[in-house]
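In this chain, residues are counted from 1 in sequence order. None of the values given here were measured: they were computed from a predicted structure. No hydrogens, no waters, no symmetry mates; every other heavy atom, side chains included, goes into these values.
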Amino acid sequence: MIDEAPEPHTGPVPDATADPVSPSLVSSGPLTPDPLAPGPVTADDLALVLNLAAATLRGAPADADWSRPAGAVDWDCWATVEHLADDLIAYAAQLGPQTPPLDRYVPFLSVRHFPGGPNSFVFAQREAGPAGLVQVLEASGALMVAMARTAAPEARAYHPWGIADPAGFTAMSLVEALVHLHDVAEGLGLPWQPPADVCHRTLARLFPDVPLDAAAGPWPTLLWATGRAELPGRPRRTDWRWYAEVRDDT
């Protein structure tokens with residue numbers, strides 16, 4: 001366990017099973033209401049993105065090399081999909097207990113399979129191949145979608161970047177899926193262009209410090225917000241985080 005707030009994020013999307021920090025030490029951030037806020041994220045948004053993600057991954061060539069780096073992430077494509085599946089289950093689990101934890105993650109035993117790799121408790125059998133890996137992702141995502149649909153709106157649970165409600169965990173699941181599919185698609189040479197309206201809702205919920213670039217649109221702005229792209233007049237981000245805590249304006 002660590003007892004200080006996390007450093008600003010510089011690499012992949014945060015590890016959902018990382019060591020916890022005290023929620024009292026997490027900055028609330030510049031939560032400026034967005035007059036053009038596009039509305040809240042929904043379970044339907046997450047279901048749509050995960051269906052598109054599975055279809056995209058299934059479109060990989062039969063001889064695709066899943067050991068290739070996932071874009072700018074330090075992990076390979078296979079491990080990145082496993083990480084996404086792991087985060088989806090971990091986020092669902094946070095809302096699962098009768099009294100969700102407010103000071104730590106639900107204490108699943110997690111491991112790192114290689115130095116610098118994600119800290120995970122969800123892994124796909126290699127002998128099941130890419131089809132099995134996608135099935136693991138679909139099953140994990142279905143659990144988070146079900147939790148997004150059924151969790152009480154007043155539920156609150158721990159994340160190191162803010163105590164979140166079900167909408168917050170849905171948005172965190174969305175940003176994980178949106179940008180990690182971008183990473184894997186880059187690694188495998190696949191197209192990935194998610195719905196702009198879902199990207200806008202995710203951006204508004206988790207990145208109140210990032211104004212929408214109207215010329216570029218929501219998806220390029222979200223990639224910029226997560227350190228994956230440059231925008232005109234905005235150099236690539238090297239330090240970033242999201243704001244998970246409950247929002248009244250999205």
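Shown here for Leu95 and Ala157, the closest heavy-atom pair between the two residues is CD2-CB, 4.1 Å. The two residues Ala148 and Thr170 come nearest to each other via the heavy atoms CB-OG1, 3.3 Å. The two atoms that bring Pro38 and Ala204 nearest to each other are CD-CB, 3.6 Å, heavy atoms only. The two atoms that bring Pro97 and Pro100 nearest to each other are O-CD, 3.5 Å, heavy atoms only. Residues Leu206 and Gly168 come closest through the heavy atom pair CD2-O, 4.4 Å. Of all non-hydrogen atoms in Ala93 and Phe108, the two that sit nearest each other are CB-CE1, 3.5 Å.
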Run the salt bridge (Lys or Arg N to Asp or Glu O under 4.0 Å) test on Asp86 and Arg112 for me, step by step, so that the C-alpha distance in whole Å, both residues' side-chain angles and the decisive distance to 0.1 Å come before the verdict. CA-CA 12 Å; Asp86 183 271; Arg112 298 186 189 276; over 6 Å; no
Please step through side chain to side chain contact (heavy atoms under 4.5 Å, CB included) for the pair His159 and Tyr105, ending with a clear verdict. CA-CA 7 Å; His159 187 277; Tyr105 287 110; 3.5 Å; yes
Should Leu88 and Leu137 be marked as a side chain to side chain contact (heavy atoms under 4.5 Å, CB included) after you check the CA-CA gap, both sets of side-chain angles, and the distance that decides it? CA-CA 8 Å; Leu88 292 166; Leu137 175 61; 3.8 Å; yes
For Tyr91 and Met147, what are the C-alpha separation, side-chain angles and deciding distance, and is it a side chain to side chain contact (heavy atoms under 4.5 Å, CB included)? CA-CA 9 Å; Tyr91 289 163; Met147 187 60 72; over 6 Å; no
What verdict does the side chain to side chain donor-acceptor pair (under 3.5 Å) test give for His200 and Asp197, after you've listed the backbone C-alpha separation in whole Å, the side-chain angles of each residue and the deciding distance to 0.1 Å? CA-CA 5 Å; His200 194 182; Asp197 58 337; over 6 Å; no
Does Phe207 form a side chain to side chain contact (heavy atoms under 4.5 Å, CB included) with Val175? I'd like the steps, not just the answer. CA-CA 10 Å; Phe207 296 92; Val175 76; 4.1 Å; yes
Show the atom names and distances, to 0.1 Å, of all donor-acceptor pairs under 3.5 Å that link a side chain in residues 184-194 to residues at least two apart or in another chain.
unit_1 : atom_1 : unit_2 : atom_2 : d
Trp192 : NE1    : Leu178 : O      : 3.0

Exercise answer: donor-acceptor pairs, residues 122-136 side-chain atoms, under 3.5 Å, sequence neighbours excluded:
none

Solution key, residues 44-56 side-chain donor-acceptor pairs under 3.5 Å, sequence neighbours excluded:
unit_1 : atom_1 : unit_2 : atom_2 : d
Asp44  : OD1    : Arg149 : NH1    : 2.8
Asp44  : OD1    : Arg149 : NH2    : 3.2
Asp45  : OD1    : Arg201 : NH2    : 2.9
Asp45  : OD2    : Thr42  : N      : 3.1
Asp45  : OD2    : Thr42  : OG1    : 3.4
Asp45  : OD2    : Arg201 : NE     : 2.9
Asn51  : ND2    : Ala47  : O      : 3.3
Thr56  : OG1    : Leu52  : O      : 2.9

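Not less than 6.0 angstrom separates the ring centroid of His83 from the ring centroid of Trp78.
To the nearest 0.5 Å, the span separating OG1 on Thr226 from CD on Glu176 amounts to 10.5 Å. Distance OG1/Thr221 to CG/Asp213: 4.5 Å, rounded to 0.5 Å. Remark: Cys77 SG to Asp183 CG distance equals 8.5 Å, nearest 0.5 Å. With rounding to the nearest 0.5 Å, the separation of CZ in Arg228 from NE2 in His180 is 6.0 Å. In this structure, CD1 on Ile89 lies 10.5 Å from OG on Ser120, to the nearest 0.5 angstrom. Taking CZ of Arg237 as the reference point, atom CG of Leu223 lies at 12.5 Å (rounded to 0.5 Å).
Both the sub-6.0 Å distance and the 45° axial angle are satisfied by Arg241 relative to the ring of Tyr243. A cation-pi arrangement is not found for Arg236 relative to Trp224, the charged atom failing to lie both closer than 6.0 Å to the ring centre and inside a 45° cone about the ring normal.
Between Pro211 and Arg234, the closest side-chain pair of non-hydrogen atoms falls below 4.5 Å. Contact check for Asp76 versus Pro69: no side-chain heavy atoms found under the 4.5 Å cut-off. Considering only heavy atoms from C-beta on, Leu109 stays 4.5 Å or farther from Phe121 through its side chain. In this structure the side chain of His182 never reaches within 4.5 angstrom of the side chain of Val73, judged on heavy atoms. Side chains of Pro235 and Glu230 form no contact here, defined as non-hydrogen atoms less than 4.5 Å apart. Annotation: side chain of Pro40 is not in contact with side chain of Arg205 (no heavy-atom distance under 4.5 Å). Taking 4.5 Å as the limit, some side-chain heavy atom of Met144 sits within range of a side-chain heavy atom of Phe169.
Within 6.0 Å of the CZ atom in Arg68, the count of heavy atoms belonging to other residues, nucleotides or ligands does not exceed 12.
A donor-acceptor contact closer than 3.5 angstrom links the side chains of Asn119 and Ser110.
The pair Glu245-Arg156 does not meet the salt-bridge criterion, since no charged nitrogen lies less than 4.0 angstrom from a carboxylate oxygen.
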